[in-house]
Structures are given as structure tokens and as C-alpha cells.
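Note sheet for the following structure.
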Amino acid sequence: FIIKMTQNLQKFLFNVDDYYKLAAVGIIGCEDKVELIKGEIINISPSNSMHAHVIDVLNRKFSKSDDALFFIRIQNPLRIDNYSEPEPDVLLVNPKSYKDQHPTPDDVLILIEVSASTLKFDQTIKKELYAEAGIPEYWIVNLIEQKVEVYNTPEKNTYLNESSFGLKDVIFGKQAGFQLNVGDLFE
């Protein structure tokens, strides 16, 4: 005689306040590479040299732009809601002070993730998260295929427009008013 029991297990989800309390008491340390995504604390991969190189190239490129158009934030928090605070590789945000609070989706012009080991996560979970939040333009610098995937026009949990740019292509950043030669990222 066997009894089958089905039980729905519930996850305990952390909110942003819980997340910061874990850091304050030392459960999450400065050296831990983690992000809060939809209430779950997610380990993120360490940056390899190509990942760091692409972020440096983007930083240099955007630093040459007019400060009045946007501020550049490198691997700093974005407060999406009470259960998600990712740290995108590059954020171009409205030019204002963020000393009292992290930027929110309303502040974001373009969000960029540089991706190899986290590519599937960035193309699915994060893409859905950013679309739901209304991030107007989301780029994935795909290190594996040496291309940039551009997503814009968010609606519900997806983007209506998706484009892919190869090494010989130029991307025009609609929200921030600049152009970028994709090949420059991989040199």
C-alpha cells in the first residue's frame, strides 16, 4: 500500500530590505558576486578578461558623450522593485544625483549586460525582468557569437523589437543619442 502525496513547496523570497540586512550582518560579503532577482539571491560569474575589456570599451565610448544626455553606471545596482535589484554591467541613466537612492526603471535609457557564461539567463530571465520593468532598451553583448542583441519597445514581459548586430554593424542608441561600431567592442 503506497500513498502518493503531492505537496507544493514554497520558496522564501527575499525583498530588498532583507537583502541589505543579510549584507549588514555579514551573510553576504563584499566579495560575494550576487544579485537579487525576483526575490532570489543569484550567484553571478566572475568577470573574465574579455568581459572586463568590453565594459572598459563601452565606458570609454560613453564617457566621450555629452554629460547632459546621460550618466554612466558600471556594475552598480538598479532598484527595479521590492524584490529585484540587479547590477547590470552598464547603465545609461538620466543625468541626476543618485546619492540618496539607486536608479529605478524610470531613470534608465539603456541597460547593457556583457554575457558569455550567463547568456541564457540574460536572454530569458533578465530580459523578461527588464521588459516587465519597462526598461526602454536592453542590450546583450554576446561574447560567444561576437554580436550585440538589442531589445526595445517593452510590453508586459517581452520586447516587441529585437535586432542583432554583427562585427561590421553600427548601433544607434536611440534613447541616449550615440552610435557604436560593434567591431570596436571585440578588438
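Residues: numbered from 1 along the sequence shown. Side chains are part of it too, since the values below use all heavy atoms of this structure and drop only hydrogens, waters and symmetry mates.
Here the straight-line distance linking atom NZ of K120 with atom NZ of K126 works out to 15.5 Å at 0.5 Å rounding. Between the CG atom in N76 and the NE2 atom in H102 there is a gap of 7.5 Å [rounded to 0.5 Å]. For the atom pair CZ (F71) and CG (L92), the distance works out to 12.0 Å, reported to the nearest 0.5 Å. Taken to the nearest 0.5 Å, the CD1 atom of I55 stands 11.0 Å off from the CE atom of M50. For the atom pair NE2 (H53) and CG (N48), the distance works out to 11.5 Å, reported to the nearest 0.5 Å. Atom-to-atom distance recorded for Y130:OH and L111:CG is 4.5 Å, nearest 0.5 angstrom.
K38 and E128 are joined by a salt bridge, as a carboxylate oxygen and a charged side-chain nitrogen come within less than 4.0 angstrom of each other.
Looking only at distances, a side-chain donor or acceptor of E35 sits under 3.5 Å from a matching main-chain atom of E87. Remark: the backbone N or O of S115 is not paired with any side-chain donor or acceptor of D122 at under 3.5 angstrom. Distance alone, capped at 3.5 Å, places no donor-acceptor pair between the N181 side chain and the D184 backbone.
Between L167 and K147, the closest side-chain pair of non-hydrogen atoms is not below 4.5 Å. Between Q123 and N142 there is a side-chain heavy-atom pair separated by less than 4.5 Å. Residues E137 and Y159 are not in side-chain contact: their nearest non-hydrogen atoms beyond the backbone lie 4.5 Å or more apart. Between V182 and I171, the closest side-chain pair of non-hydrogen atoms falls below 4.5 Å. Looking at P88 and Y138, their side chains never come closer than 4.5 Å, going by heavy atoms from C-beta outward. The side-chain heavy atoms of L185 and L180, taken from C-beta on, include a pair separated by under 4.5 Å. The closest side-chain heavy-atom distance from F172 to Q179 is below 4.5 Å. Side-chain atoms of F121 and I44, non-hydrogen and from C-beta on, never get closer than 4.5 Å to each other.
Contact between T118 and S45 at its shortest, heavy atoms only, is CG2-OG, 4.0 Å. Taking all atoms of both residues into account, the shortest heavy-atom contact from L109 to P136 is O-CG, 3.5 Å. Of all heavy-atom pairs between P154 and I135, the closest is CG-O, 3.5 Å. Contact between P46 and K33 at its shortest, heavy atoms only, is CA-CE, 4.4 Å. Across D107 and Y98, no two heavy atoms sit closer than the pair CB-OH, 3.4 Å. V114 and L58 make their closest contact through CG2-CD1, 4.3 Å (heavy atoms, listed as atom of the first residue, atom of the second, distance).
Ring geometry, F70 versus F62: the interplanar angle exceeds 60°, so the pair is classed perpendicular (tilted spans 30 to 60°). In this structure, W139 and F178 have tilted ring planes: the angle between them lies in the 30° to 60° band.
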message: Quick one, F186 with V141, criterion side chain to side chain contact (heavy atoms under 4.5 Å, CB included). Give me CA distance, side-chain angles, the key distance, then yes/no.
response: CA-CA 10 Å; F186 298 96; V141 179; 3.9 Å; yes
task: Dump the intermediate steps for salt bridge (charged side-chain N to carboxylate O under 4.0 Å, His left out) on K127 and E162, then the final yes or no.
output: CA-CA 11 Å; K127 184 173 97 173; E162 300 181 11; 3.2 Å; yes
query: I140 and Y151: side chain to side chain contact (heavy atoms under 4.5 Å, CB included), yes or no, with the steps?
result: CA-CA 8 Å; I140 298 173; Y151 304 92; 3.8 Å; yes
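Each of L78, I74, I112 was scored for a side-chain contact (heavy atoms from CB on, under 4.5 Å) with L91, with one residue passing: L78. The residue from V16, N15, L129, L36 that alone fulfils the side-chain contact (heavy atoms from CB on, under 4.5 Å) condition with S84 is L129.
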